[in-house]
Amino acid sequence: MNNKQLDLVIPLDKGLPELLASFQNNFYVNVLPETVIHRIYYDTFDWLLYNNGAVLEVHEEGESRRIYWQANQQSSLRIQLGLSDVPQLASELPDSDFRRQLQSVISVRELTPRIKIKVKRLPLVMLDKHEKVVVRVNFDEHWYYPSKTRAGTVLGKRIAIKPVKGYQDEFGQVEAFFEPMRLREAQDNLIKLALLESGYSASEYSNKLNLILDPEMPAEQAMKQILLRLLEIMQQNTAGSIRGRDSEFMHDFRVSIRKTRSALTQITRVLPQGTIIRFNQFFSGLGKLTNPIRDGDVFLLKLESYQQCLKPSSQEHLKPLREYLVTSRATAQKKFVETLKTQEHRDQIKEWREYLENADPTEPPLENSGRPVYKLADELIWNMYQLALEEGNAITDETEAEALHELRKTCKKLRYLMEFFQSLYPARDIRELIRAMKGLQDNLGVFNDLHVHAGILKKFIKQSPDSRAKKACKQIVNELKRRQVKTRGKFAERYAAFSSGETQKEFRELFVDSRKG
Amino acid sequence: MKIIAIYNIKGGVGKTASAVNLSYLASLDGASTLLWDLDPQGAASYYYRIKAKIKGGGQKLVEGKRNLEEAIKGTDYENLDLLPADFSYRDMDFFVEMSKKPERRLNKMLEPLADEYDYVFLDCPPSISSASESIFAAADILLVPTIPTTLSLRTYKQIKKFFKEMDYDSMKILPFFAMVDLRKQLHRLIVDYPPSFMPTVLDSYIPYASEVERMGVNRAPVGDFAAHSRAAICYRSMWDEIKSHLFSHP
Ligand SMILES: Nc1ncnc2c1ncn2[C@@H]1O[C@H](COP(=O)(O)OP(=O)(O)O)[C@@H](O)[C@H]1O
Ligand SMILES: [Mg+2]
C-alpha cells in the first residue's frame, strides 16, 4: 500500500537551518532552489465555502497560476485544469463536477479573494544509490500579510514529507528520522490560522439581527440598537450591491431598508417626529431606487417557469423582453450606484449613524421613550396581530385584490416587529408563531409577485414595437392571472391557520398574559 | 481524468519520445500525471530511469488480479508517475486478454485511478492488435505521430479507416507531424499543405532534432536538460494545442 503525505508542524522557536543540516547529515539529498508560492483563498462575503468545509484557492508561483478545489472535508484538494482564473460566479464555469459542487455551496453568491498566504518553500529530494528520487521533503514557512503595507507574521512552519510511489521503505526511514522530535501532525488548516491572525471571524456576517435586548431597557435605547444593527447590515452589503453581480447583496441591503422604515413608522412615540419623517423619507427614496433592480432580478428568474405556458416557438419571441429587462436593470443599477456615490447620500448615512450612536435620551422624552422595551413590544405586536385579523376577516372571495396587498403589508410589519423584539421572548415560542404565519405570508407573497410581474409585462407591452413579443407577453399576463386565481384559491385555508383559535391563543399567551403575573 | 493515447501502427515514428515529453509537460502544470508504458520494449520506462519489471507480471495486471496501483512507480519529477512495461508481456498474450471485452477492458482498469490522476498517457506499442480497440475506447484523445512521407500518410489513412469502422468519433484522432526535416522538400510540402484526410492535424509539429536523440543518453525529457532547445519549445506549443482541444467548451 502506498503512503500518504505527512505534514508535521515545526515549533516556531525551532530554527529551520539546524533541522535541515541534521537531515542532510543523515540522508543523501539534493537541495532544490527555494521557491515562493502565494496561496490565495477565495470565498463569498459570508464565508460560505469556509463554513461548509470547502476550499477554493489559487497558487501563484512565478508565471504559473493554478486553481485548486476541495468540495468538502472528506474529499481532497484537486487541481482544476483548463481554467485560467477563478470565476466570480459559479454560473460562469463550464458544466462540470466543479461547477455543480461549487453551486451547491455558494448558489448565486460572488467569489472574491479573501485571504493571502505566502509560502517560502525549500524543497529537497532524497536520492538512492542510483540517484533516483525516492522521497520529497518540503520545508515550508507560511506568512500572512494582512495588507501590502503592514508587516507579515509567520503563521507556521511545516515539513511536508511526500512519498514517491514504489519507495515505501525510504519514506519510512524519513518518518523514523523525525519521530524522536515528537513533532505534531498538522491538522489545523492554514486559513483558520490566518483568520485568527486577521482578527475577523468567518461567522461574522449574518443578515439576522442577533440582538439581545434587556427587557427593562428604555424603549428609545432599544430602538436605537435595532436601527444601528440594521444600518450595519445595510453597510456590509453596500459594496456588493454597488458591484451588482451577486444579487444577494442587494437583497439583504433592501431588507434592512424595509425593516428600518418599518421600525421608524411602527415603533411610534419613541423618537422625535421630525427625525422619523426626515429619515423615513431618505430610506423610502433609497428603497425606490432598488425596486426595479430587485423586481427585474426576481422576474427574470421566474420567467423560466412562466414561459412554459408558451409553445417553444413562441418562447423564442421573448428575446426583446429579455433585452428590455437587462437594459432596464442596467439603467436602474446605474442610477442606484450614482446616488450612492453622492456626497449627499454619504452625509445622510453619516448623520443617521451619529444620531443612532448618540446615547443621550431625547429631551423632553416622548410618551414611549422611557418605557421598558418589553411593555412596548408586547403592545405593538399584539396590536399588529389584531389589525391583521381585522383586515383578514374582512376578506371574502369578492374582495378587491387591494385588500390582500394591505394584509400582506400588515403581516410583514408584524413579522418584523417579532424579529426586532425576538430576544425578549422564549426563542421556541417565537419560532412557532413565525412558522404559523409562514403559510399565509408565502401565499400573499406569491400573489403579490404575480401582480408585480404582470405590471412589468404590461409596461413592456406598452412600449414595444415587436408584435410577436407583445403577443407572447399577453399570453403570459393571462397565465399570471390564472395563477393569481389559483393562489387566491388557497388563501382561505392559509388564513385559517393564521387566525385559528389555537394561534390566537398562542399570541395572547405570549404578548398579553405572560407578564400579567 | 483525461486519457491521452499516443498511437501508431508503425514503429520508430516518435510515439515514445512524444509520450515522455508530453507527460512531463503535463506534470509541470501541476497535474497529477501517469504515463503507462504499454510497449514491451519498455522505452518510456527506460527514459524515466525505471526498471521495466512488474512483480507478478503484466498478465495478472490485465486480469485484474493485482492492484494496478501497486505497480506504479514515481519518477524523478513531481506529479509524474509511471506504470512500467513488463518484459513478460512478450510471453503472455496481453492482447488476447484485451480482446475478451475489448471496449471496456482498459477503461475498467483505469477507473480506480480516476481519483488520483488528472492525466493518463498511454505509450502504445506498434502494430494493429486487439488492444487497439480497448485503447480507442478509453482515450479522450488519440495522438498519432506521423512522419511527413507518402508511406506514413498511407498508414495514417489506414488507422483512420480502422477507427471509423469501429464507430469511434474521428474528431478524437489528432495526428501531428513528427521527425520533420524541413530541408527535405517533401516534408516541407506535406507540413505546409496537409492532405484533406487530416482535417484535425495539429498546427504544431516536432522537428527532427538531436536533443530528442540525446534523451536516450540523458535518460530525461528534453524539457529537463535542454529547456530552451527548439524541440522543447515545439513540445510545449504542442501540449498547449492539445489542452485547447481537451478543454474547449462548446
Ligand atoms: N523528433 C525526433 N528527432 C530525432 N530523433 C527522434 C525524434 N523522435 C524520435 N526520435 C528517435 O527515433 C527513435 C524512435 O523514436 P520513438 O519515440 O522510440 O518511436 P516509437 O515509439 O514510435 O517507436 C528513437 O531512437 C528516438 O530517439
Ligand atoms: Mg515506442
Side-chain angles (χ1 to χ4, degrees), chain A residues 1-5 30 32 35 37 57-69 71 74-84 87 92-99 121 123-138 160 162-168 170-171, chain B residues 1-2 4 25-36 45-46 48-55 66-84 112-120 140 218-220 224 236 239-240 242-250:
Chain A
M1 202 56 252
N2 281 301
N3 295 300
K4 280 228 169 63
Q5 171 172 332
N30 193 0
L32 305 176
T35 58
I37 303 146
E57 60 177 288
V58 169
H59 291 190
E60 284 178 354
E61 186 180 347
E63 299 278 277
S64 89
R65 198 174 150 76
R66 297 169 182 171
I67 298 165
Y68 291 85
W69 165 245
Q74 283 72 49
S75 56
S76 58
L77 196 66
R78 285 292 295 265
I79 191 167
Q80 299 302 312
L81 299 166
L83 294 175
S84 53
E92 289 166 14
L93 288 170
D95 189 31
S96 58
D97 285 345
F98 176 32
R99 172 179 165 154
R121 168 165 300 166
L124 327 170
V125 289
M126 184 178 143
L127 305 170
D128 69 4
K129 61 178 191 289
H130 307 289
E131 308 239 316
K132 168 78 187 66
V133 174
V134 290
V135 184
R136 300 178 167 275
V137 183
N138 292 337
K162 302 164 90 127
V164 173
K165 287 217 174 109
Y167 300 93
Q168 285 88 329
E170 291 84 349
F171 181 84
Chain B
M1 188 171 74
K2 301 284 187 189
I4 301 167
L25 291 170
S27 74
L28 280 191
D29 285 346
S32 175
T33 305
L34 177 70
L35 170 56
W36 188 348
S45 311
Y46 175 82
Y48 277 119
R49 310 200 310 141
I50 285 166
K51 283 206 195 76
K53 177 79 189 153
I54 302 173
K55 277 188 235 150
R66 267 167 45 87
N67 186 349
L68 199 74
E69 271 247 49
E70 283 175 45
I72 296 176
K73 286 222 159 193
T75 66
D76 287 341
Y77 306 95
E78 199 167 3
N79 307 316
L80 182 57
D81 294 341
L82 187 134
L83 186 55
L113 300 180
D115 277 344
E116 193 168 350
Y117 291 104
D118 300 304
Y119 293 114
V120 176
D140 291 294
N218 291 327
R219 297 185 73 177
D224 184 20
R236 270 205 297 277
W239 176 233
D240 287 339
I242 293 167
K243 281 190 284 187
S244 74
H245 278 271
L246 280 171
F247 300 111
S248 63
H249 306 293

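Order of the sequence lines sets the chain letters (A, B, ...), proteins ahead of strands, with each chain counted from 1.
- Checking side-chain atoms of B/Ser32 against main-chain N and O of B/Glu116 turns up a donor-acceptor pair under 3.5 Å.
- Here A/Arg136 is the residue among A/His130, A/Arg136, A/His59 with the most heavy-atom pairs under 4.5 Å with chain B.
- Between the NZ atom in A/Lys165 and the CG atom in B/Leu83 there is a gap of 10.0 Å [rounded to 0.5 Å].
- Both the backbone and the side chain of B/Lys73 come within contact range of chain A, judged by heavy atoms closer than 4.5 Å.
- In terms of modelled atom types and a separation under 3.5 Å, the side chain of A/Glu63 and the main chain of A/Glu61 share no donor-acceptor contact.
- No other option in B/Leu28, B/Asp29, B/Asp81, B/Leu82 has as many heavy-atom pairs under 4.5 Å with chain A as B/Asp29.
- Put simply, the side chain of B/Arg49 never gets that close to the backbone of B/Thr75: no donor and acceptor are under 3.5 Å apart.
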